[in-house]
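Encoded as C-alpha coordinates, here's the structure I'll be asking about.
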Amino acid sequence: MSERAGRTSTTGRPSRPPLAAIVAYTVRACVPTHGVLLLLPLAGAVLFGLLSRMSDEATAIAFVRVGGAAMHTLVVPITCLVIGDALLGAEIRSGVFAFTWLSPVRYSTIVIGRWLGGCLIAAVILVPAAAAAAIAAGSPSSVGAAIVAAVGGSAAYLALFLAIGASFKRPVVWSLVLVILVERLLGAALAGVAQLSPGWLAQSVLVGLTGPAGDLQREGVPSGWAAVGRLVLVAIIGLAIATRRLRSLRPASSAD
Amino acid sequence: MTATDPAFAPDATVEVDDASVWFGQKVALSELACSFGPGVTGLLGPNGAGKSTLMRAVTGLIDVNTGHVRVEGRDPRRDRDVHRRIALVPEDEAVPAQLTARELVRYVADLHGVRDPAAADRALELVDMLPAADRRLRGFSKGMRQRAKVAAALVTDPPVLVLDEPLNGADPVQRVRLTDLFRRLGAEGRTVIVSSHVLSEVERLADRVLVLVHGRLAAAGGHRAIRDAMDDRPRHVLIRSDDPRRLAAALLGVPTVAGVSLTDAGLVVTTDRAGDLAVAVAPVARGLGVHLREVRPLDDSLESLFRELVR
(Lines give C-alpha, C1' and ligand atoms only; values in the text may rest on other atoms or scores of the structure.)
Protein backbone atom coordinates (compact mmCIF):
# COMPACT_ATOMS: atom_id res chain seq x y z
CA MET A 1 0.00 0.00 0.00
CA SER A 2 1.51 3.25 -1.07
CA GLU A 3 -0.68 5.60 0.91
CA ARG A 4 1.24 8.59 2.13
CA ALA A 5 -0.29 9.88 5.27
CA GLY A 6 -1.63 13.35 4.95
CA ARG A 7 -3.14 15.51 7.63
CA THR A 8 -5.28 13.32 9.81
CA SER A 9 -7.67 15.80 11.30
CA THR A 10 -10.65 13.98 12.76
CA THR A 11 -12.61 17.06 13.69
CA GLY A 12 -15.90 17.37 11.86
CA ARG A 13 -17.78 20.46 10.82
CA PRO A 14 -21.49 21.15 10.88
CA SER A 15 -23.37 20.10 7.78
CA ARG A 16 -24.20 22.70 5.16
CA PRO A 17 -27.56 23.14 3.46
CA PRO A 18 -27.61 21.22 0.15
CA LEU A 19 -27.68 24.41 -1.95
CA ALA A 20 -24.58 25.78 -0.22
CA ALA A 21 -22.88 22.39 -0.53
CA ILE A 22 -23.59 22.25 -4.27
CA VAL A 23 -22.35 25.81 -4.85
CA ALA A 24 -19.16 25.12 -2.88
CA TYR A 25 -18.66 21.80 -4.67
CA THR A 26 -19.16 23.45 -8.05
CA VAL A 27 -16.62 26.14 -7.36
CA ARG A 28 -14.16 23.53 -6.03
CA ALA A 29 -14.67 20.88 -8.69
CA CYS A 30 -15.30 22.89 -11.84
CA VAL A 31 -12.56 25.52 -11.82
CA PRO A 32 -10.08 24.73 -14.61
CA THR A 33 -7.09 22.87 -13.22
CA HIS A 34 -4.59 25.01 -15.11
CA GLY A 35 -4.50 28.53 -13.74
CA VAL A 36 -3.33 29.89 -17.08
CA LEU A 37 -6.76 29.08 -18.53
CA LEU A 38 -8.24 31.54 -16.06
CA LEU A 39 -6.04 34.28 -17.47
CA LEU A 40 -6.86 33.71 -21.14
CA PRO A 41 -10.14 35.69 -21.05
CA LEU A 42 -8.33 38.53 -19.33
CA ALA A 43 -5.62 38.53 -21.99
CA GLY A 44 -8.24 38.45 -24.75
CA ALA A 45 -10.20 41.29 -23.16
CA VAL A 46 -7.11 43.48 -22.85
CA LEU A 47 -6.21 42.76 -26.46
CA PHE A 48 -9.68 43.71 -27.68
CA GLY A 49 -9.62 46.80 -25.48
CA LEU A 50 -6.36 47.90 -27.05
CA LEU A 51 -7.78 47.26 -30.51
CA SER A 52 -10.55 49.75 -29.67
CA ARG A 53 -7.91 52.47 -29.52
CA MET A 54 -7.28 52.04 -33.25
CA SER A 55 -10.70 53.51 -34.01
CA ASP A 56 -11.01 57.22 -34.71
CA GLU A 57 -14.26 57.43 -32.79
CA ALA A 58 -14.67 58.71 -29.23
CA THR A 59 -13.23 56.24 -26.74
CA ALA A 60 -16.57 55.18 -25.24
CA ILE A 61 -18.07 54.58 -28.66
CA ALA A 62 -14.94 52.84 -29.91
CA PHE A 63 -14.94 50.56 -26.86
CA VAL A 64 -18.59 49.61 -27.32
CA ARG A 65 -18.14 49.06 -31.05
CA VAL A 66 -14.88 47.06 -30.94
CA GLY A 67 -13.90 45.91 -27.43
CA GLY A 68 -17.43 45.41 -26.13
CA ALA A 69 -18.57 43.61 -29.26
CA ALA A 70 -15.57 41.28 -29.11
CA MET A 71 -16.21 40.61 -25.43
CA HIS A 72 -19.79 39.53 -26.07
CA THR A 73 -19.06 37.74 -29.33
CA LEU A 74 -16.00 35.78 -28.20
CA VAL A 75 -14.71 36.19 -24.65
CA VAL A 76 -17.93 35.85 -22.65
CA PRO A 77 -19.58 33.03 -24.66
CA ILE A 78 -16.42 30.93 -24.95
CA THR A 79 -15.53 31.35 -21.29
CA CYS A 80 -19.09 30.45 -20.33
CA LEU A 81 -19.08 27.50 -22.71
CA VAL A 82 -16.02 26.04 -20.97
CA ILE A 83 -17.47 26.67 -17.51
CA GLY A 84 -20.97 25.55 -18.54
CA ASP A 85 -19.72 22.22 -19.83
CA ALA A 86 -17.83 21.61 -16.60
CA LEU A 87 -20.98 22.36 -14.57
CA LEU A 88 -22.96 19.42 -15.93
CA GLY A 89 -22.06 17.97 -19.32
CA ALA A 90 -18.53 16.88 -18.43
CA GLU A 91 -19.70 15.32 -15.16
CA ILE A 92 -22.49 13.44 -16.88
CA ARG A 93 -20.06 12.09 -19.48
CA SER A 94 -17.56 10.92 -16.88
CA GLY A 95 -20.12 9.50 -14.47
CA VAL A 96 -19.14 11.86 -11.65
CA PHE A 97 -22.57 13.48 -11.68
CA ALA A 98 -23.96 10.34 -10.03
CA PHE A 99 -22.58 11.58 -6.69
CA THR A 100 -24.94 14.55 -6.90
CA TRP A 101 -27.85 12.93 -8.70
CA LEU A 102 -28.07 10.01 -6.25
CA SER A 103 -29.23 12.22 -3.42
CA PRO A 104 -32.60 13.32 -2.11
CA VAL A 105 -31.89 16.91 -3.19
CA ARG A 106 -34.50 18.40 -5.53
CA TYR A 107 -33.57 18.81 -9.17
CA SER A 108 -34.19 22.54 -9.01
CA THR A 109 -31.76 22.86 -6.10
CA ILE A 110 -29.12 20.95 -8.05
CA VAL A 111 -29.58 23.18 -11.10
CA ILE A 112 -29.61 26.46 -9.17
CA GLY A 113 -26.61 25.38 -7.10
CA ARG A 114 -24.63 24.47 -10.18
CA TRP A 115 -25.64 27.71 -11.89
CA LEU A 116 -24.73 29.87 -8.90
CA GLY A 117 -21.37 28.12 -8.64
CA GLY A 118 -20.80 28.69 -12.34
CA CYS A 119 -21.79 32.35 -12.02
CA LEU A 120 -19.26 32.79 -9.21
CA ILE A 121 -16.49 31.26 -11.33
CA ALA A 122 -17.53 33.35 -14.33
CA ALA A 123 -17.63 36.51 -12.23
CA VAL A 124 -14.12 35.90 -10.90
CA ILE A 125 -12.87 35.47 -14.46
CA LEU A 126 -14.98 37.95 -16.41
CA VAL A 127 -15.36 40.93 -14.07
CA PRO A 128 -11.62 41.70 -14.14
CA ALA A 129 -11.60 40.97 -17.86
CA ALA A 130 -14.45 43.36 -18.57
CA ALA A 131 -12.91 46.08 -16.42
CA ALA A 132 -9.50 45.55 -18.01
CA ALA A 133 -11.02 45.78 -21.50
CA ALA A 134 -12.63 49.15 -20.73
CA ILE A 135 -9.46 50.51 -19.15
CA ALA A 136 -7.28 49.20 -21.98
CA ALA A 137 -9.67 50.92 -24.42
CA GLY A 138 -9.10 54.21 -22.62
CA SER A 139 -12.71 54.37 -21.43
CA PRO A 140 -12.59 53.90 -17.64
CA SER A 141 -16.07 55.41 -17.35
CA SER A 142 -17.39 52.31 -19.13
CA VAL A 143 -16.04 49.88 -16.50
CA GLY A 144 -19.31 49.62 -14.59
CA ALA A 145 -21.40 49.07 -17.73
CA ALA A 146 -18.90 46.52 -19.03
CA ILE A 147 -19.06 44.59 -15.77
CA VAL A 148 -22.87 44.59 -15.65
CA ALA A 149 -23.01 43.43 -19.26
CA ALA A 150 -20.46 40.65 -18.71
CA VAL A 151 -22.11 39.41 -15.51
CA GLY A 152 -25.60 39.52 -17.01
CA GLY A 153 -24.49 37.87 -20.22
CA SER A 154 -22.57 35.11 -18.44
CA ALA A 155 -25.51 34.37 -16.11
CA ALA A 156 -27.80 33.88 -19.10
CA TYR A 157 -25.24 31.89 -21.07
CA LEU A 158 -24.54 29.55 -18.14
CA ALA A 159 -28.24 28.86 -17.65
CA LEU A 160 -28.61 28.01 -21.34
CA PHE A 161 -25.48 25.84 -21.34
CA LEU A 162 -26.78 24.02 -18.26
CA ALA A 163 -30.00 23.31 -20.12
CA ILE A 164 -28.01 22.06 -23.10
CA GLY A 165 -25.82 19.91 -20.79
CA ALA A 166 -28.93 18.30 -19.34
CA SER A 167 -30.49 17.76 -22.75
CA PHE A 168 -27.81 16.58 -25.19
CA LYS A 169 -25.07 13.97 -25.23
CA ARG A 170 -22.63 16.37 -26.90
CA PRO A 171 -23.33 19.63 -25.13
CA VAL A 172 -20.20 21.40 -26.37
CA VAL A 173 -21.24 20.89 -29.98
CA TRP A 174 -24.79 22.10 -29.32
CA SER A 175 -23.51 25.05 -27.30
CA LEU A 176 -21.32 26.06 -30.25
CA VAL A 177 -24.33 25.69 -32.52
CA LEU A 178 -26.23 28.05 -30.23
CA VAL A 179 -23.46 30.65 -30.13
CA ILE A 180 -22.32 30.54 -33.75
CA LEU A 181 -25.38 29.57 -35.76
CA VAL A 182 -28.30 30.75 -33.68
CA GLU A 183 -26.85 33.87 -32.07
CA ARG A 184 -24.36 35.12 -34.64
CA LEU A 185 -26.02 34.11 -37.90
CA LEU A 186 -29.73 33.99 -37.12
CA GLY A 187 -29.46 36.66 -34.44
CA ALA A 188 -27.78 39.06 -36.85
CA ALA A 189 -30.60 38.63 -39.35
CA LEU A 190 -33.60 38.29 -37.05
CA ALA A 191 -34.31 40.74 -34.23
CA GLY A 192 -36.64 38.15 -32.70
CA VAL A 193 -33.69 35.83 -32.12
CA ALA A 194 -31.49 38.66 -30.85
CA GLN A 195 -34.15 39.56 -28.30
CA LEU A 196 -33.46 36.28 -26.51
CA SER A 197 -29.76 36.01 -27.30
CA PRO A 198 -27.41 36.50 -24.31
CA GLY A 199 -24.70 37.87 -26.61
CA TRP A 200 -26.90 40.49 -28.29
CA LEU A 201 -28.59 41.40 -25.01
CA ALA A 202 -25.28 41.80 -23.16
CA GLN A 203 -24.04 44.07 -25.93
CA SER A 204 -27.29 46.03 -25.61
CA VAL A 205 -26.70 46.37 -21.88
CA LEU A 206 -23.28 47.84 -22.59
CA VAL A 207 -24.64 50.19 -25.24
CA GLY A 208 -27.51 51.36 -23.07
CA LEU A 209 -25.51 51.87 -19.88
CA THR A 210 -22.52 53.49 -21.60
CA GLY A 211 -24.78 55.87 -23.48
CA PRO A 212 -22.91 56.37 -26.75
CA ALA A 213 -24.42 57.36 -30.08
CA GLY A 214 -27.80 55.88 -30.93
CA ASP A 215 -26.68 54.10 -34.08
CA LEU A 216 -25.07 51.43 -31.91
CA GLN A 217 -28.40 50.44 -30.41
CA ARG A 218 -30.02 47.64 -32.35
CA GLU A 219 -33.63 48.20 -33.18
CA GLY A 220 -36.06 45.78 -31.57
CA VAL A 221 -33.65 44.70 -28.84
CA PRO A 222 -34.09 46.19 -25.36
CA SER A 223 -31.31 48.38 -24.10
CA GLY A 224 -29.62 49.12 -20.74
CA TRP A 225 -31.44 47.85 -17.66
CA ALA A 226 -34.31 46.57 -19.80
CA ALA A 227 -31.81 44.28 -21.46
CA VAL A 228 -30.60 43.17 -18.02
CA GLY A 229 -34.20 42.23 -17.25
CA ARG A 230 -34.37 40.26 -20.50
CA LEU A 231 -31.14 38.45 -19.59
CA VAL A 232 -32.69 37.48 -16.26
CA LEU A 233 -35.68 36.12 -18.14
CA VAL A 234 -33.43 34.10 -20.45
CA ALA A 235 -31.59 32.73 -17.41
CA ILE A 236 -34.85 31.70 -15.75
CA ILE A 237 -35.99 29.94 -18.93
CA GLY A 238 -32.65 28.11 -19.16
CA LEU A 239 -32.80 27.01 -15.53
CA ALA A 240 -36.38 25.82 -15.91
CA ILE A 241 -35.46 23.73 -18.96
CA ALA A 242 -32.41 22.30 -17.17
CA THR A 243 -34.52 21.32 -14.17
CA ARG A 244 -37.12 19.67 -16.36
CA ARG A 245 -34.51 17.79 -18.38
CA LEU A 246 -32.75 16.58 -15.26
CA ARG A 247 -35.85 14.58 -14.35
CA SER A 248 -35.47 12.38 -17.43
CA LEU A 249 -31.67 12.32 -17.39
CA ARG A 250 -29.82 9.01 -17.44
CA PRO A 251 -26.63 10.07 -15.65
CA ALA A 252 -24.81 6.87 -16.59
CA SER A 253 -23.42 5.35 -19.73
CA SER A 254 -24.83 2.23 -21.36
CA ALA A 255 -21.68 0.29 -20.59
CA ASP A 256 -22.06 -2.71 -18.33
CA MET B 1 -42.82 -16.26 -8.04
CA THR B 2 -43.14 -18.77 -5.20
CA ALA B 3 -42.13 -18.58 -1.57
CA THR B 4 -39.24 -20.95 -2.25
CA ASP B 5 -38.05 -19.46 -5.52
CA PRO B 6 -34.39 -18.66 -4.88
CA ALA B 7 -34.61 -15.63 -7.18
CA PHE B 8 -36.75 -13.93 -4.56
CA ALA B 9 -35.58 -13.01 -1.10
CA PRO B 10 -37.82 -13.21 1.95
CA ASP B 11 -38.46 -9.77 3.47
CA ALA B 12 -37.43 -8.19 0.18
CA THR B 13 -36.39 -4.55 0.28
CA VAL B 14 -35.57 -4.32 -3.43
CA GLU B 15 -37.94 -5.84 -5.96
CA VAL B 16 -37.35 -6.21 -9.68
CA ASP B 17 -40.50 -7.13 -11.52
CA ASP B 18 -40.16 -8.28 -15.14
CA ALA B 19 -37.75 -5.43 -15.81
CA SER B 20 -36.33 -4.92 -19.27
CA VAL B 21 -33.78 -2.30 -20.28
CA TRP B 22 -32.41 -1.69 -23.73
CA PHE B 23 -30.00 0.79 -25.22
CA GLY B 24 -30.87 1.14 -28.89
CA GLN B 25 -30.62 -2.37 -30.34
CA LYS B 26 -28.81 -3.77 -27.32
CA VAL B 27 -30.93 -5.53 -24.72
CA ALA B 28 -29.22 -5.11 -21.36
CA LEU B 29 -31.93 -6.65 -19.17
CA SER B 30 -34.65 -8.95 -20.40
CA GLU B 31 -37.78 -9.49 -18.30
CA LEU B 32 -35.73 -9.91 -15.17
CA ALA B 33 -37.64 -10.83 -12.03
CA CYS B 34 -35.86 -11.13 -8.70
CA SER B 35 -35.61 -9.48 -5.33
CA PHE B 36 -33.06 -8.63 -2.69
CA GLY B 37 -33.38 -8.68 1.07
CA PRO B 38 -31.24 -8.25 4.16
CA GLY B 39 -27.80 -9.84 3.88
CA VAL B 40 -25.26 -9.88 1.10
CA THR B 41 -26.35 -10.92 -2.38
CA GLY B 42 -23.73 -11.44 -5.06
CA LEU B 43 -24.38 -10.53 -8.69
CA LEU B 44 -22.37 -12.65 -11.04
CA GLY B 45 -22.01 -12.57 -14.79
CA PRO B 46 -19.66 -11.81 -17.64
CA ASN B 47 -19.17 -8.34 -19.12
CA GLY B 48 -22.40 -7.27 -20.76
CA ALA B 49 -24.51 -9.62 -18.67
CA GLY B 50 -26.51 -6.71 -17.27
CA LYS B 51 -25.11 -6.50 -13.73
CA SER B 52 -24.28 -2.80 -13.82
CA THR B 53 -27.50 -2.03 -15.67
CA LEU B 54 -29.48 -3.81 -12.96
CA MET B 55 -27.63 -1.89 -10.26
CA ARG B 56 -28.25 1.41 -12.04
CA ALA B 57 -31.93 0.58 -12.44
CA VAL B 58 -32.19 -0.33 -8.76
CA THR B 59 -30.68 3.01 -7.75
CA GLY B 60 -32.75 4.99 -10.26
CA LEU B 61 -29.81 6.09 -12.39
CA ILE B 62 -31.63 4.64 -15.38
CA ASP B 63 -35.26 3.91 -16.01
CA VAL B 64 -36.49 0.47 -16.98
CA ASN B 65 -38.18 0.32 -20.38
CA THR B 66 -40.74 -2.20 -19.20
CA GLY B 67 -41.52 -3.71 -15.81
CA HIS B 68 -40.88 -2.15 -12.43
CA VAL B 69 -38.17 -1.67 -9.86
CA ARG B 70 -39.12 -0.87 -6.27
CA VAL B 71 -36.96 0.00 -3.28
CA GLU B 72 -38.89 -0.40 -0.06
CA GLY B 73 -42.01 -0.19 -2.18
CA ARG B 74 -41.04 3.06 -3.92
CA ASP B 75 -39.88 3.87 -7.41
CA PRO B 76 -36.22 4.96 -7.23
CA ARG B 77 -36.55 6.85 -10.50
CA ARG B 78 -39.52 8.98 -9.48
CA ASP B 79 -39.19 9.33 -5.71
CA ARG B 80 -36.13 11.37 -4.71
CA ASP B 81 -36.60 10.39 -1.06
CA VAL B 82 -35.60 6.82 -1.96
CA HIS B 83 -32.03 8.10 -2.09
CA ARG B 84 -32.12 8.59 1.66
CA ARG B 85 -32.41 4.78 1.89
CA ILE B 86 -30.09 3.54 -0.83
CA ALA B 87 -26.49 4.22 -1.87
CA LEU B 88 -24.48 3.15 -4.88
CA VAL B 89 -20.77 2.61 -5.31
CA PRO B 90 -20.46 2.86 -9.10
CA GLU B 91 -17.91 0.85 -11.02
CA ASP B 92 -16.73 3.92 -12.96
CA GLU B 93 -13.34 5.09 -11.83
CA ALA B 94 -14.45 8.68 -12.28
CA VAL B 95 -14.36 10.83 -9.17
CA PRO B 96 -14.27 14.61 -8.72
CA ALA B 97 -10.51 14.74 -9.09
CA GLN B 98 -10.05 18.18 -7.54
CA LEU B 99 -11.64 17.15 -4.26
CA THR B 100 -9.97 15.38 -1.37
CA ALA B 101 -11.48 12.15 -0.08
CA ARG B 102 -12.82 14.01 2.96
CA GLU B 103 -14.39 16.72 0.79
CA LEU B 104 -16.15 14.10 -1.34
CA VAL B 105 -17.54 12.27 1.67
CA ARG B 106 -18.65 15.53 3.30
CA TYR B 107 -20.29 16.68 0.08
CA VAL B 108 -22.36 13.50 -0.07
CA ALA B 109 -23.14 13.85 3.64
CA ASP B 110 -24.31 17.43 3.11
CA LEU B 111 -26.55 16.44 0.22
CA HIS B 112 -28.17 13.78 2.40
CA GLY B 113 -28.57 16.11 5.36
CA VAL B 114 -26.27 14.10 7.61
CA ARG B 115 -26.01 16.30 10.68
CA ASP B 116 -23.36 14.40 12.62
CA PRO B 117 -20.11 16.34 12.05
CA ALA B 118 -18.03 13.23 12.75
CA ALA B 119 -19.89 11.01 10.27
CA ALA B 120 -17.50 11.68 7.41
CA ASP B 121 -14.44 10.72 9.38
CA ARG B 122 -16.15 7.61 10.71
CA ALA B 123 -16.99 6.51 7.17
CA LEU B 124 -13.42 7.16 6.05
CA GLU B 125 -12.10 5.19 8.98
CA LEU B 126 -14.30 2.21 8.08
CA VAL B 127 -12.38 1.87 4.82
CA ASP B 128 -8.98 2.79 6.28
CA MET B 129 -8.90 6.07 4.36
CA LEU B 130 -8.46 8.46 7.25
CA PRO B 131 -4.68 8.81 6.78
CA ALA B 132 -5.21 9.81 3.14
CA ALA B 133 -8.40 11.80 3.70
CA ASP B 134 -6.88 15.17 2.85
CA ARG B 135 -5.22 14.07 -0.35
CA ARG B 136 -6.82 14.93 -3.66
CA LEU B 137 -8.64 12.08 -5.37
CA ARG B 138 -6.70 12.85 -8.55
CA GLY B 139 -3.62 11.16 -7.10
CA PHE B 140 -5.41 8.08 -5.81
CA SER B 141 -4.94 4.59 -7.16
CA LYS B 142 -7.99 2.74 -8.47
CA GLY B 143 -8.34 0.82 -5.24
CA MET B 144 -8.16 3.97 -3.13
CA ARG B 145 -10.77 5.66 -5.29
CA GLN B 146 -13.06 2.69 -4.79
CA ARG B 147 -12.59 2.93 -1.04
CA ALA B 148 -13.28 6.66 -1.08
CA LYS B 149 -16.50 5.93 -2.98
CA VAL B 150 -17.43 3.24 -0.46
CA ALA B 151 -16.88 5.80 2.33
CA ALA B 152 -19.08 8.28 0.47
CA ALA B 153 -21.80 5.64 0.27
CA LEU B 154 -21.50 4.61 3.91
CA VAL B 155 -21.62 8.14 5.31
CA THR B 156 -25.37 8.23 4.69
CA ASP B 157 -25.86 5.02 6.73
CA PRO B 158 -28.06 3.47 4.02
CA PRO B 159 -30.21 0.40 4.68
CA VAL B 160 -29.67 -0.64 1.05
CA LEU B 161 -26.15 -0.61 -0.35
CA VAL B 162 -25.38 -1.36 -4.00
CA LEU B 163 -21.72 -2.04 -4.76
CA ASP B 164 -20.61 -2.40 -8.36
CA GLU B 165 -17.25 -4.18 -8.42
CA PRO B 166 -16.21 -2.54 -5.14
CA LEU B 167 -13.03 -4.60 -4.77
CA ASN B 168 -11.59 -3.56 -8.13
CA GLY B 169 -8.01 -2.45 -7.73
CA ALA B 170 -7.89 -3.15 -3.99
CA ASP B 171 -4.76 -4.80 -2.67
CA PRO B 172 -5.09 -8.22 -0.94
CA VAL B 173 -5.19 -6.76 2.57
CA GLN B 174 -7.88 -4.25 1.61
CA ARG B 175 -9.86 -6.95 -0.17
CA VAL B 176 -10.05 -8.93 3.04
CA ARG B 177 -10.99 -5.84 5.07
CA LEU B 178 -13.64 -4.68 2.63
CA THR B 179 -15.04 -8.20 2.35
CA ASP B 180 -15.32 -8.36 6.14
CA LEU B 181 -16.92 -4.90 6.17
CA PHE B 182 -19.54 -5.84 3.58
CA ARG B 183 -20.35 -9.08 5.38
CA ARG B 184 -20.70 -7.15 8.62
CA LEU B 185 -23.06 -4.66 6.95
CA GLY B 186 -25.13 -7.55 5.67
CA ALA B 187 -25.18 -9.17 9.09
CA GLU B 188 -26.49 -5.89 10.54
CA GLY B 189 -29.61 -6.40 8.44
CA ARG B 190 -28.77 -4.13 5.53
CA THR B 191 -29.48 -5.19 2.00
CA VAL B 192 -26.07 -5.38 0.36
CA ILE B 193 -25.87 -6.12 -3.37
CA VAL B 194 -22.36 -6.75 -4.67
CA SER B 195 -21.11 -7.53 -8.14
CA SER B 196 -17.66 -8.82 -8.84
CA HIS B 197 -15.62 -10.35 -11.59
CA VAL B 198 -13.50 -12.18 -9.05
CA LEU B 199 -15.77 -15.11 -8.46
CA SER B 200 -13.96 -16.46 -5.44
CA GLU B 201 -14.72 -13.14 -3.76
CA VAL B 202 -18.42 -13.58 -4.39
CA GLU B 203 -18.16 -16.99 -2.75
CA ARG B 204 -16.58 -15.37 0.30
CA LEU B 205 -18.89 -12.36 0.29
CA ALA B 206 -22.36 -13.46 -0.52
CA ASP B 207 -24.92 -15.58 1.26
CA ARG B 208 -26.86 -15.70 -1.97
CA VAL B 209 -25.84 -15.45 -5.60
CA LEU B 210 -27.77 -14.33 -8.67
CA VAL B 211 -26.18 -15.26 -11.98
CA LEU B 212 -26.99 -13.00 -14.93
CA VAL B 213 -26.28 -14.05 -18.48
CA HIS B 214 -27.30 -11.92 -21.47
CA GLY B 215 -29.59 -9.82 -19.30
CA ARG B 216 -31.47 -12.81 -17.97
CA LEU B 217 -31.38 -14.59 -14.66
CA ALA B 218 -29.47 -17.82 -15.28
CA ALA B 219 -29.39 -19.12 -11.73
CA ALA B 220 -30.07 -18.06 -8.16
CA GLY B 221 -29.37 -19.33 -4.67
CA GLY B 222 -26.31 -20.29 -2.66
CA HIS B 223 -23.44 -21.25 -4.94
CA ARG B 224 -23.72 -24.90 -3.90
CA ALA B 225 -27.48 -24.78 -4.33
CA ILE B 226 -26.97 -23.48 -7.83
CA ARG B 227 -24.63 -26.33 -8.50
CA ASP B 228 -27.16 -28.85 -7.15
CA ALA B 229 -29.84 -27.35 -9.36
CA MET B 230 -27.73 -28.16 -12.37
CA ASP B 231 -27.92 -31.94 -12.13
CA ASP B 232 -28.43 -32.26 -15.84
CA ARG B 233 -25.06 -30.69 -16.52
CA PRO B 234 -21.95 -32.87 -16.56
CA ARG B 235 -19.47 -32.55 -13.75
CA HIS B 236 -15.89 -33.61 -13.62
CA VAL B 237 -14.32 -35.56 -10.78
CA LEU B 238 -10.60 -36.18 -10.40
CA ILE B 239 -9.68 -39.60 -9.05
CA ARG B 240 -6.07 -40.31 -8.12
CA SER B 241 -5.17 -43.94 -7.50
CA ASP B 242 -2.24 -46.34 -7.84
CA ASP B 243 -3.68 -47.90 -11.04
CA PRO B 244 -5.79 -45.36 -12.96
CA ARG B 245 -5.98 -47.42 -16.18
CA ARG B 246 -7.68 -50.44 -14.56
CA LEU B 247 -9.96 -48.17 -12.56
CA ALA B 248 -10.92 -46.24 -15.71
CA ALA B 249 -11.88 -49.42 -17.53
CA ALA B 250 -13.99 -50.58 -14.60
CA LEU B 251 -15.72 -47.23 -14.13
CA LEU B 252 -16.88 -47.21 -17.73
CA GLY B 253 -19.33 -49.92 -16.68
CA VAL B 254 -20.86 -47.79 -13.94
CA PRO B 255 -24.20 -46.25 -15.10
CA THR B 256 -23.53 -42.74 -13.70
CA VAL B 257 -20.25 -42.42 -15.57
CA ALA B 258 -20.55 -40.62 -18.88
CA GLY B 259 -16.85 -40.74 -19.77
CA VAL B 260 -13.33 -41.07 -18.47
CA SER B 261 -10.02 -39.58 -19.48
CA LEU B 262 -6.49 -40.11 -18.23
CA THR B 263 -4.58 -36.93 -17.47
CA ASP B 264 -1.27 -36.14 -15.82
CA ALA B 265 -3.16 -35.21 -12.68
CA GLY B 266 -5.06 -38.51 -12.61
CA LEU B 267 -8.26 -40.05 -13.88
CA VAL B 268 -10.95 -37.50 -14.76
CA VAL B 269 -14.46 -38.92 -14.71
CA THR B 270 -17.40 -37.12 -16.32
CA THR B 271 -20.73 -37.77 -14.61
CA ASP B 272 -24.26 -36.41 -14.49
CA ARG B 273 -24.69 -37.41 -10.86
CA ALA B 274 -21.63 -36.75 -8.75
CA GLY B 275 -23.27 -38.04 -5.58
CA ASP B 276 -24.00 -41.43 -7.09
CA LEU B 277 -20.48 -41.59 -8.48
CA ALA B 278 -18.99 -40.92 -5.06
CA VAL B 279 -20.95 -43.88 -3.67
CA ALA B 280 -19.99 -46.17 -6.57
CA VAL B 281 -16.23 -45.46 -6.82
CA ALA B 282 -15.10 -46.96 -3.53
CA PRO B 283 -16.67 -50.45 -4.05
CA VAL B 284 -15.34 -50.60 -7.62
CA ALA B 285 -11.81 -49.71 -6.47
CA ARG B 286 -11.99 -52.15 -3.57
CA GLY B 287 -13.12 -54.94 -5.94
CA LEU B 288 -10.11 -54.26 -8.18
CA GLY B 289 -7.67 -53.95 -5.28
CA VAL B 290 -6.88 -50.39 -6.38
CA HIS B 291 -5.95 -47.88 -3.70
CA LEU B 292 -7.72 -44.54 -3.94
CA ARG B 293 -5.58 -41.53 -3.04
CA GLU B 294 -7.93 -38.67 -3.81
CA VAL B 295 -11.47 -38.15 -5.11
CA ARG B 296 -12.12 -34.47 -5.77
CA PRO B 297 -14.70 -32.55 -7.84
CA LEU B 298 -12.87 -30.40 -10.33
CA ASP B 299 -15.60 -27.88 -10.93
CA ASP B 300 -17.16 -27.03 -7.63
CA SER B 301 -16.06 -23.43 -7.75
CA LEU B 302 -18.17 -20.57 -9.03
CA GLU B 303 -15.69 -20.13 -11.84
CA SER B 304 -16.56 -23.51 -13.32
CA LEU B 305 -20.23 -23.04 -12.63
CA PHE B 306 -20.11 -19.75 -14.44
CA ARG B 307 -18.33 -21.32 -17.41
CA GLU B 308 -21.09 -23.91 -17.67
CA LEU B 309 -23.84 -21.33 -17.39
CA VAL B 310 -22.52 -19.19 -20.17
CA ARG B 311 -21.53 -22.05 -22.45
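If you're wondering where the values come from, they're calculated on a predicted model, not measured in any experiment. In the text below, chain A, chain B and the rest are named by the order of the sequence lines, each starting its count at 1.
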Distance-only check: which donor-acceptor pairs under 3.5 Å involve side-chain atoms of residues 154-182 of chain A, not counting sequence neighbours?
unit_1, atom_1, unit_2, atom_2, d
A:Ser154, OG, A:Ala150, O, 2.9
A:Ser154, OG, A:Val151, O, 2.9
A:Tyr157, OH, A:Glu183, OE1, 2.5
A:Tyr157, OH, A:Glu183, OE2, 3.2
A:Tyr157, OH, A:Gly199, N, 3.3
A:Ser167, OG, A:Ala163, O, 2.6
A:Ser175, OG, A:Pro171, O, 2.7

message: I need the contact set between residues 100-108 of chain A and chain B: heavy-atom distance under 4.5 Å, sorted by residue number.
response: A:Thr100, A:Trp101, A:Leu102, A:Ser103, A:Pro104, A:Val105, A:Tyr107
field: Residue B:Arg78 versus chain A: region with a heavy atom under 4.5 Å
entry: neither
query: Can B:Asp164 and B:Lys51 be counted as an ion pair, charged N to O under 4.0 angstrom?
result: no
task: Could you go through the side-chain contact (heavy atoms from CB on, under 4.5 Å) check for A:Thr73 and A:Arg184 one step at a time?
output: CA-CA 8 Å; A:Thr73 305; A:Arg184 287 302 113 203; 3.7 Å; yes
field: B:Arg190 bridged to B:Asp157 by N-O distance under 4.0 Å
entry: yes
message: Before you tell me yes or no, could you show the steps for B:Arg147 and B:Arg177 under side-chain contact (heavy atoms from CB on, under 4.5 Å), namely the whole-Å CA-CA distance, both residues' side-chain angles and the distance that decides it to 0.1 Å?
response: CA-CA 11 Å; B:Arg147 282 156 55 204; B:Arg177 288 183 180 172; over 6 Å; no
statement: Given B:Leu104, B:Asp81, B:Val82, the one with more heavy-atom pairs under 4.5 angstrom with chain A than any other is B:Leu104
field: Heavy-atom pairs under 4.5 Å with chain A, option from B:Val95, B:Ile86, B:Leu124 with the top count
entry: B:Val95
statement: Those residues at least two apart in sequence (or on a different chain) that pass salt bridge (charged side-chain N to carboxylate O under 4.0 Å, His left out) with B:Glu72 are B:Arg85
query: Between A:Ile22 and chain B, which part of the residue has a heavy atom less than 4.5 Å away: side chain, backbone, both or neither?
result: both
Partner chain A: residue of B:Ala120, B:Pro90, B:Gly60, B:Gly24 with the largest heavy-atom pair count (under 4.5 Å): B:Gly60
Donor-acceptor contacts, no H, no angles, side chain residues 78-89 of chain A, under 3.5 Å, sequence neighbours left out:
unit_1, atom_1, unit_2, atom_2, d
A:Thr79, OG1, A:Val75, O, 2.6
A:Asp85, OD1, A:Arg93, NH1, 3.2
A:Asp85, OD1, A:Arg93, NH2, 3.4
A:Asp85, OD2, A:Arg93, NH2, 2.8

task: May I ask you to decide if B:Ile193's main-chain N or O and B:Thr41's side chain share a donor-acceptor pair within less than 3.5 Å?
output: no
